[in-house]
Amino acid sequence: MKASYIARSSAVASRILDGEMVIMSAVDSTLFSLNEVATVIWQAADGCTPLSEIVSLRICAEFDASPNEARADAEAFVEELARHGILLVSDCPIVGVSANASENA
Amino acid sequence: MSLMQELNHKALRLGVPLSVHLDLTYRCNERCEHCYLDHEDFGEMTTAELKSLLKQLASAGVFFLTMSGGEPLVRQDCFELIEYARALGFNVKLKTNAILIGEREAKRLRALGVEQIQISVYSHRPDVHDGITKVQGSLLRTLNAVRLLRAHDLKVTIANVLMKNNFQDGDGVRTLAQELGAHYSLDPTITPMIDGDRSVLRYGIPASELPGLFHNPNLVGDVESFCAPPPPVDDDVREGLPCSAGHTACYISPYGDLYPCVQFPLLCGNVRRQSFLEIWQSSAQLEEVRSIRGKDLSGCSSCTHLGTCTRCPGLAFMEGNMRGPSIADCEKSFARTGIPSKNLQAKRASSMEPASAQDLIQIQGIAIAPVVGTAAHAEASSVRA
């Protein structure tokens with residue numbers, strides 16, 4: 001997978017509402033609503049866990065998704081959020097992510 | 001339906017308090033002549049109490065948190081509380097006069113990911129602004145802070161309360177906001193003091209000036225749309241809610257008192273004596289507020305303005321009946337459209353004295369399109385994995 005490690009940006013607000021994550025970027029005030037699968041990826045984006053591991057251990061295991069389909073969806077999702085600056089993506093572990101980048105509060 | 005509207009509908013359906021306005025203090029370093037607060041400290045919540053409250057709010061699902069005052073930055077722990085709130089995932093908006101914001105503070109607000117800072121500016125003319133705040137040099141300090149915040153790419157909204165002494169300065173403040181890269185919002189609302197004292201209403205904009213204000217394209221945008229006659233009232237409007245106060249939003253004072261809204265002084269409980277959720281879920285007062293629909297409003301239910309009136313339940317409450325009209329808003333609808341509301345007609349026909357000019361101008365803030373902005377505040381994007 002191209003994106004190895006992902007971390008939540010500290011410049012966002014997030015809250016779980018009825019099982020789905022709501023995120024607002026402080027940079028451009030854009031609002032996002034994540035479905036259940038995307039919410040799992042968001043919560044697991046701690047900067048230390050490889051995306052491939054998130055997909056195999058969380059998505060495929062919990063949502064009965066095929067590895068190829070799950071990986072493609074996850075990459076598209078990560079790319080979209082990274083474009084808005086609310087997910088950080090790196091090919092090595094991301095350290096020093098601000099404490100206010102909470103997974104859901 | 002935008003994502004923001006979807007979010008509001010979902011919160012309403014689930015009974016989630018999506019937005020909370022929290023005043024950290026009523027103390028202030030300005031003495032604005034029209035302010036509805038006193039500026040004493042009668043026992044504000046401590047840092048520990050506020051942190052406990054913030055945790056409760058996060059657990060209850062609160063997403064949008066407005067931290068205000070008084071002047072919130074006079075609290076030594078203000079940044080500590082903002083940092084704590086951000087760590088809990090809140091979207092934080094700070095309302096301040098900004099005169100305590102220097103380079104260090106601006107940098108920290110940026111680092112903390114505060115979404116928006118709303119700053120009161122009364123005039124582009126120092127003598128007028130400082131005359132209202134009663135603090136010499138306050139405009140200069142406020143504008144310096146705006147520049148610093150903008151230099152750190154923070155979103156700033158300049159809130160322009162228009163009243164008797166500055167209603168001619170709306171264009172000037174709007175231009176100033178544009179020059180500074182800030183959003184501009186116009187608010188012609190003067191509310192009675194929180195203790196019920198109505199003497200501050202004398203500072204309000206003269207009622208005779210309202211039509212001119214509402215027909216100024218620089219201030220309201222599309223005048224034709226803003227001042228259009230109301231469309232026919234349908235069942236959706238009659239079954240609709242007056243506003244979000246008590247439904248998906250509430251206000252908490254520095255002493256822990258919980259109200260439906262900062263402009264709706266109906267005490268519903270105190271978070272020092274009960275948990276937030278207990279008040280939110282079981283307050284009899286909130287239940288009463290939530291029971292009110294458009295069709296229940298005295299006079300308003302059959303008024304042509306029902307669907308477009310900015311009737312504020314809090315102002316109606318302060319005028320004597322939360323199920324009644326806010327005559328101030330009746331006057332606003334009239335000034336906007338030239339069509340008198342049902343309650344205004346009744347009031348005039350009853351040969352009672354019409355509401356005084358002071359009463360007539362205590363009207364809800366009106367939504368003004370931002371002058372500058374990279375994205376609409378409620379712009380919605382949806383990402384589905």
Side-chain angles (χ1 to χ4, degrees), chain A residues 8-43 51 54-55 58-59 63 65 69-87 98-105, chain B residues 2-19 54-55 57-65 82-93 109-117 153-155 157 183 248 370 373-385:
Chain A
R8 298 178 292 275
S9 163
S10 61
V12 301
S14 60
R15 186 72 73 231
I16 289 264
L17 193 61
D18 201 21
E20 295 189 342
M21 185 67 70
V22 177
I23 301 170
M24 184 176 260
S25 161
V27 175
D28 61 6
S29 300
T30 307
L31 187 67
F32 299 85
S33 175
L34 310 188
N35 68 12
E36 206 179 347
V37 177
T39 296
V40 168
I41 297 175
W42 172 264
Q43 290 176 312
L51 182 57
I54 295 172
V55 170
R58 303 293 308 275
I59 306 304
F63 295 94
E69 188 187 4
R71 188 176 63 229
D73 280 357
E75 284 182 344
F77 164 72
V78 165
E79 200 174 303
E80 173 81 20
L81 291 200
R83 197 163 51 243
H84 287 275
I86 65 175
L87 261 185
S98 172
N100 62 11
S102 67
E103 66 181 44
N104 60 35
Chain B
S2 74
L3 197 51
M4 185 62 84
Q5 287 170 316
E6 274 185 42
L7 184 59
N8 278 310
H9 277 101
K10 191 188 246 188
L12 185 64
R13 179 171 52 80
L14 297 170
V16 169
L18 199 59
S19 307
L54 289 170
K55 274 182 91 166
L57 297 181
S59 299
V62 177
F63 185 47
F64 299 105
L65 178 69
I82 294 172
E83 184 170 8
Y84 194 78
R86 288 290 298 122
L88 289 169
F90 290 105
N91 173 284
V92 173
K93 174 181 175 180
L109 288 169
R110 170 67 182 183
L112 289 173
V114 171
E115 197 258 341
Q116 186 187 150
I117 295 134
D153 276 335
L154 280 152
K155 280 192 293 298
T157 293
H183 294 245
T248 58
T374 52
H377 181 74
E379 183 180 322
S381 299
S382 181
V383 174
R384 309 278 175 189

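The structure displayed is predicted, hence computed values, not measured ones. By convention in this document, chain letters (A, B, ...) are assigned in the order of the sequence lines, proteins followed by strands, and residues within each chain are numbered from 1.
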query = Does atom NZ of B/Lys55 have more than 12 heavy-atom neighbours, drawn from other residues, nucleotides or ligands, at distances under 6.0 Å?
reply = no

Heavy-atom closest pair, residues A/Leu17 and B/Lys10 = O-NZ, 3.5 Å

inquiry  = With side-chain contact (heavy atoms from CB on, under 4.5 Å) as the criterion, how do B/Glu6 and A/Ser33 come out once you've worked through the C-alpha distance, each side chain's angles and the decisive distance to 0.1 Å?
reply    = CA-CA 10 Å; B/Glu6 274 185 42; A/Ser33 175; over 6 Å; no

remark   = Closest non-hydrogen atoms of A/Ala26 and B/Gly113, given as atom of the first, atom of the second and distance, are CB-O, 3.6 Å

task = Walk me through it: do A/Val22 and B/Phe63 pass the test side-chain contact (heavy atoms from CB on, under 4.5 Å)?
result = CA-CA 9 Å; A/Val22 177; B/Phe63 185 47; 3.8 Å; yes

message = For B/Val92, which atoms come within 4.5 Å of any heavy atom of chain A: side chain, backbone, both, or neither?
response = neither

key: Atom CD of B/Gln5: over 12 foreign heavy atoms under 6.0 Å   = yes

ask   = Atom CE of A/Met24 and atom CD of B/Gln116: how far apart are they, to the nearest 0.5 Å?
value = 9.5 Å

Shortest non-hydrogen contact between B/Lys155 and A/Val27, atoms and distance = NZ-O, 3.6 Å

note = Tightest non-hydrogen contact, residues A/Leu31 and B/Leu3, listed as O-CD2, 3.4 Å

ask   = With only heavy atoms counted, which part of A/Ile59 is less than 4.5 Å from chain B, the side chain, the backbone, both or neither?
value = neither

key: Minimum-distance pair of heavy atoms, taken over all atoms of B/Leu88 and A/Arg15   = O-NH1, 2.7 Å

ask   = What pair of heavy atoms forms the shortest contact from B/Arg86 to A/Val12, and how long is it?
value = NH2-O, 2.7 Å

